[in-house]
Protein chains: 2
Amino acid sequence: MKTETPIKTAFVEDDEVTRECLTLLIGGTDGYVCVGSFPSVEDALKQGFTATPDVLLLDIHLPGMLGSEAVRLFSEKYPRLQILMLTVYAEQDKIFESICNGACGYLLKKTPPARLLESIREAHEGGAPMTPEIARKVLRLFQKTARPEETDEKLTPHELRLLSLLAQGTSYRDAAEQFRVSINTIRYHIRNIYDKLHVHSKSEAVSKAIRLRLIS
Amino acid sequence: MKTETPIKTAFVEDDEVTRECLTLLIGGTDGYVCVGSFPSVEDALKQGFTATPDVLLLDIHLPGMLGSEAVRLFSEKYPRLQILMLTVYAEQDKIFESICNGACGYLLKKTPPARLLESIREAHEGGAPMTPEIARKVLRLFQKTARPEETDEKLTPHELRLLSLLAQGTSYRDAAEQFRVSINTIRYHIRNIYDKLHVHSKSEAVSKAIRLRLIS
DNA sequence: AAACTTACTGCATAAACGGGTAGTTTGGGT
DNA sequence: ACCCAAACTACCCGTTTATGCAGTAAGTTT
């Protein structure tokens, strides 16, 4: 039934036993093919893959360059590559770093083989496979970094656009030109913005606006 | 085998057919029990649940109060409640809103019943069930909002402290007083900051600093 | 029609800012 | 002792802001 081309998978994993297991698992399963298996990032880069991989499994704790750092490297080198982190512990900061660098999933090594294969496919098909604990941690991080904190008075769309300009360092004069209005109108709006945000300067307004997620 | 107490589940879902299906599914499955089933948030609040639910399935698009808004309400009323969003479309902003408000998962209605039951259990056990597309969207959002984006030149601790003051709207003069230095020294530092950040104004510096997560 | 809001414009002025140039002081290195 | 880089101080000057006061035109409300 599997007439589709197999998913080209590669690993970077320092533990030899695990690496062997993975190679066997992938090599022995229909629909998957192993195009590389290395004990370190450096080796992978030096020797190269036998074919451009679709999915890369990256261990976090590696001798030499860490997996969490290598994510960016690989994803820049192979833009269509999906990278899955594979590690023993669910460390908050490593998860964070990996995801920010562009990893698309994060699995624990205790993941059973069937689930692992499924996750590789899921990653290849645009999903973001994670173990439940990790998914929850990601959400927590997310909730922490992104809390709306409503303002008492809402800014108009116009005011928000102006605020964005200010955040970019635009002067009143330039903003006036962009909006095709007089500089005095800009002043007028700025005053309203300041009133609503209870601030008294551009920088304060910008910082408050960003914090309240009104802009950016 | 299921000697554990069943997972108390409730729904808010305006489509009557879907609601019936859910009630039947949950009611008819071992290990799950339905403690409420309402067509709107308002009804749920008015009538109350037959028991404090463990997991709540919330539709996004509801008549009256939207599910994405109700998340906070429910999670404040029942702090140990796990809330799963259940909807037809994966809308970026609704996902964002729901998660920020405290939802722990986000499923599409097309999710097959078996997977749905599994997700409820997963939510109850501290996981964060999401469909693959949604998981990927969450990661994307995450990458967008939290990108370190290294600066080419690092700011000194002193410069960072000054930058925080600027973000609060402090003037050069006041900053000088706080640091017990002359206003010219403040200027000196500001210039260095601007050079390092490649900006030309306070507001631009503040916005860049916040975005780069140098401050706040 | 009178009263009121909204968005906008104009002017004035003190204060704050940005950027150039230049001269101390200080604590390491070698 | 010498050099070097850093942190700091100083002055200048044109530009930009913050903010008060005042006025107009279009659209609502009553």
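Values below: every heavy atom of this structure, side chains too, minus hydrogens, waters and symmetry copies. Below, chains carry the letters A, B, ... as their sequence lines are ordered, and counting in each starts from 1.
Residue Arg191(B) places a side-chain atom within donor-acceptor reach of the base of dG20(C), judged by atom type and a 3.5 Å distance cut-off alone.
Separating the CD1 atom of Ile186(B) from the P atom of dA10(D) is a distance of 13 Å, rounded to the nearest angstrom. Atom NZ of Lys202(B) and atom P of dG19(C) are 14 Å apart (whole Å). One interatomic measurement links the two molecules: CD1 of Ile193(B) to C1' of dC17(C), which rounds to 14 Å at whole-angstrom precision. One can place CG of Leu166(A) at 15 Å from C1' of dC17(C), the figure rounded to the nearest angstrom. Atoms CG (Asn192(B)) and P (dG18(C)) sit 14 Å apart, rounded to a whole Å. A straight line from CZ of Arg180(A) to C1' of dC8(C) spans 17 Å, rounded to a whole angstrom.
Residue Tyr194(A) places at least one side-chain N or O closer than 4.0 Å to OP1 or OP2 of dA18(D). Here His200(A) reaches the OP1 or OP2 of dT19(D): one of its side-chain N or O atoms lies under 4.0 Å away. A sub-4.0 Å separation between OP1 or OP2 of dA7(C) and a side-chain N or O of His189(A) is absent.
Taking the six-membered ring wherever Trp is involved, the centroid distance between the rings of His189(A) and Phe179(A) does not fall below 6.0 Å. The ring of Phe49(B) has its center closer than 6.0 angstrom to the ring center of Phe38(B).
Using a 4.0 Å heavy-atom distance criterion, Arg187(A) is classed as a base contact.
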Inset, instruction - Determine, step by step, whether Arg115(B) and Glu122(B) satisfy the side-chain contact (heavy atoms from CB on, under 4.5 Å) criterion, reporting the C-alpha distance in whole Å, the side-chain angles of both residues, the deciding distance to 0.1 Å, and the verdict. - result: CA-CA 10 Å; Arg115(B) 181 83 188 92; Glu122(B) 201 174 310; 4.0 Å; yes

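Of the candidates dC8(C), dC17(C), dT16(D), dC8(C) carries the atom nearest the Tyr188(A) side chain, counting heavy atoms from C-beta on. With dC17(C), dT17(D), dA18(D) as the choices, the nucleotide that has an atom nearest any side-chain atom of Ser171(A) turns out to be dT17(D).
Tested against Ser37(B), the residues Glu20(B), Arg19(B), Glu13(B) include a single side-chain contact (heavy atoms from CB on, under 4.5 Å) partner, Arg19(B).
For Asn184(B) and Glu159(B), each mapped to the nucleotide of DNA chain D holding its nearest heavy atom, the one lying further toward the 5' end belongs to Glu159(B).
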